[in-house]
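Report on the structure given below.
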2 protein chains.
Amino acid sequence: MTCSADYAPQLRARGYRMTPQRMVILHVIHHSGKHLSPSVIYEKARKELPGITETTVYRTLEFLAQNGLVRSAHMGNGHLVYEIAGHEHHHLKCRICGSEMEVEHSLLAKLYHQLETASGYQLTDSHLTFFGLCPNCQKGE
Amino acid sequence: MTCSADYAPQLRARGYRMTPQRMVILHVIHHSGKHLSPSVIYEKARKELPGITETTVYRTLEFLAQNGLVRSAHMGNGHLVYEIAGHEHHHLKCRICGSEMEVEHSLLAKLYHQLETASGYQLTDSHLTFFGLCPNCQKGE
DNA sequence: TTCCTTATTGCAACTATTTGCAATAACATA
DNA sequence: TATGTTATTGCAAATAGTTGCAATAAGGAA
Ligand SMILES: [Mn+2]
Ligand SMILES: [Mn+2]
Ligand SMILES: [Zn+2]
Ligand SMILES: [Zn+2]
């Protein structure tokens, strides 16, 4: 669980605290490498810290997302999933078979600039999910 | 409630039925012109059809979205909202003050084509929400 | 108009997520 | 190392959304 040592300073710098709960949640997300639902995170976290509650998991996930340590995404089933905030990327997901693929944010950089220029907004988030049909499922149409 | 007359054939053509519940829900969404949450839709629908249940509202909204009559969106609070499926568009939303603005899909058309070419996926959905800072809130940063 | 099939609804029970509040514990300071 | 402040947690209760199933009713066919 050494990985959480890297995150503590980020929290302290903002006046927040590192706790066993936050450590274990970061640990779980950090080492999974994929999108995890709150309930899966809870189950895994519980193995290392049996007393942890679901309430804390939900609250911590939102807190970590707010502070840029993790990133949330809607993958189409209506429920949020979380992952460590690493490289900026987006997702493509097939409406039929559910297969996913990642898209580098650099592919959207031009669009983001266009949108910023056209709207005056400064875009801060980048973790979108585009839906469509994968090459395989297009055949069946 | 005449507006629902237009929707009935679309449902029948697919083997589905038009019901008072679907009528009133479509009516509510059609005449609102903005994004509505399931609970707001339920409250409004109830005024016209007192017996309707929340379960039916949730189920109907998903059904209508699946069949292209309405469109759902995540506007950042974790809850889905719905609107009539009219012109294709996306949204820009300020993380601080919550102000929103619409973006025509045509602005993203080029990107969509790029993504399709690069990935092989055929993109079907277009109702995204981009988050950032509105011109006004940028000043305070 | 009446009948029949089956899509749709309502109910009740369940799972998921949020919120208020008092108890706890992180960590800055002395 | 001991102390005080207050960020954070756990609990319980509330709200939001889902699911199985039997009763109902839309609408095609007779
Ligand atoms: Mn991702
Ligand atoms: Mn919209
Ligand atoms: Zn597919
Ligand atoms: Zn703003």
Side-chain angles (χ1 to χ4, degrees), chain A residues 1 4-5 7-28 35-46 48-67 69-70 72-82, chain B residues 1 4-5 7-28 35-46 48-67 69-70 72-82:
Chain A
M1 204 174 319
S4 58
Y7 299 118
Q10 300 190 56
L11 296 183
R12 301 242 176 77
R14 291 167 171 250
Y16 300 121
R17 299 168 184 176
M18 179 53 79
T19 66
Q21 291 85 347
R22 288 179 180 168
M23 271 187 215
V24 72
I25 289 172
L26 280 165
H27 178 71
V28 164
H35 294 157
L36 295 176
S37 69
S39 60
V40 167
I41 293 169
Y42 170 64
E43 288 307 332
K44 287 179 187 290
R46 206 145 73 108
E48 316 219 5
L49 191 67
I52 198 171
T53 62
E54 286 186 277
T55 302
T56 296
V57 171
Y58 280 109
R59 263 196 295 230
T60 300
L61 290 173
E62 182 167 358
F63 167 84
L64 293 174
Q66 206 100 53
N67 288 281
L69 304 206
V70 308
S72 66
H74 288 286
M75 298 302 295
N77 59 88
H79 298 268
L80 279 174
V81 289
Y82 294 83
Chain B
M1 203 170 324
S4 57
Y7 299 118
Q10 299 190 58
L11 295 183
R12 300 240 177 78
R14 291 167 171 250
Y16 300 121
R17 299 168 185 178
M18 179 52 81
T19 67
Q21 291 85 347
R22 288 178 181 170
M23 270 187 216
V24 73
I25 289 172
L26 281 165
H27 178 72
V28 164
H35 294 158
L36 295 176
S37 68
S39 61
V40 167
I41 293 169
Y42 170 64
E43 288 306 332
K44 287 180 187 290
R46 206 145 73 107
E48 315 218 7
L49 191 67
I52 198 171
T53 62
E54 285 185 277
T55 302
T56 295
V57 170
Y58 281 112
R59 262 197 296 231
T60 299
L61 290 172
E62 183 167 358
F63 167 83
L64 294 174
Q66 206 99 53
N67 287 281
L69 304 205
V70 308
S72 66
H74 288 286
M75 297 302 295
N77 59 89
H79 299 269
L80 278 174
V81 289
Y82 294 84

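Here is how names work: the chains are called A, B, and so on, in the same order as the sequence lines, proteins then strands, and each is numbered from 1.
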What's the verdict on side chain to side chain contact (heavy atoms under 4.5 Å, CB included) for M18(A) and Y7(A), showing C-alpha distance, side-chain angles and the deciding distance?
-> CA-CA 8 Å; M18(A) 179 53 79; Y7(A) 299 118; 4.0 Å; yes
What's the spacing between L80(B) CG and H74(B) NE2 if we round to 0.5 Å?
-> 4.0 Å
When rounded to whole Å, the CG to P distance for the pair L11(A) and dA28(C) reads 12 Å
Whole angstrom is fine here: how far is it from CG in L49(B) over to P in dA25(D)?
-> 12 Å
Report the residue (R12(A) or G51(B)) whose heavy-atom-nearest nucleotide on DNA chain C is the more 5′ of the two.
-> G51(B)
Nucleotide dG10(D), atom P - distance to CZ of R46(A) in whole Å = 13 Å
Round to the nearest Å and state the distance from M18(B) atom CE to dG28(D) atom P.
-> 13 Å
Choosing from dC11(C), dT8(C), dA26(C), which nucleotide comes nearest the side chain of R17(A)?
-> dA26(C)
Starting from the C-alpha separation in whole Å, work towards a yes-or-no answer on ring pair (Phe, Tyr, Trp, His ring centres under 6.0 Å) for Y16(B) and F63(B).
-> CA-CA 10 Å; Y16(B) 300 121; F63(B) 167 83; 4.9 Å; yes
May I have the distance from R22(A) (atom CZ) to dA26(C) (atom P), rounded to whole angstrom?
-> 11 Å
The single option from T56(B), L61(B), I25(B), V57(B) that satisfies side-chain contact (heavy atoms from CB on, under 4.5 Å) with Y42(B) is V57(B)
Could you check L36(B), L26(B), T60(B) and say which one makes a side-chain contact (heavy atoms from CB on, under 4.5 Å) with V70(B)?
-> L26(B)
Please state whether the phosphate of dG10(D), meaning OP1 or OP2, lies under 4.0 angstrom from any side-chain nitrogen or oxygen of T56(A).
-> yes
Quick one: does N67(A)'s side chain have a donor or acceptor within less than 3.5 Å of a partner on L69(A)'s backbone?
-> no
For R59(A) and E54(A), indicate whether the former's side chain and the latter's backbone hold a donor-acceptor pair under 3.5 Å.
-> no
Between Q21(A) and dA26(C), is there a side-chain N or O to OP1/OP2 distance below 4.0 Å?
-> no
Could you tell me the separation between the CZ atom of R14(B) and the P atom of dT8(C), rounded to a whole number of Å?
-> 12 Å
So which protein N/O to nucleotides 17-24 of chain D N/O distances come out below 3.5 Å?
residue, atom, partner, partner atom, Å
dG17(D), OP1, H79(B), ND1, 2.9
dG17(D), OP2, Y58(B), OH, 2.3
dG17(D), O5', Y58(B), OH, 3.2
dG20(D), O6, R59(B), NH1, 3.4

Measure the distance from OH on Y7(B) to P on dA26(D) and round it to the nearest whole Å.
-> 21 Å
Phosphate-side-chain proximity, T19(B) and dA7(C), N/O vs OP1/OP2 below 4.0 Å | no
In whole angstrom, what separates I41(B)'s CD1 from dA16(D)'s C1'?
-> 14 Å
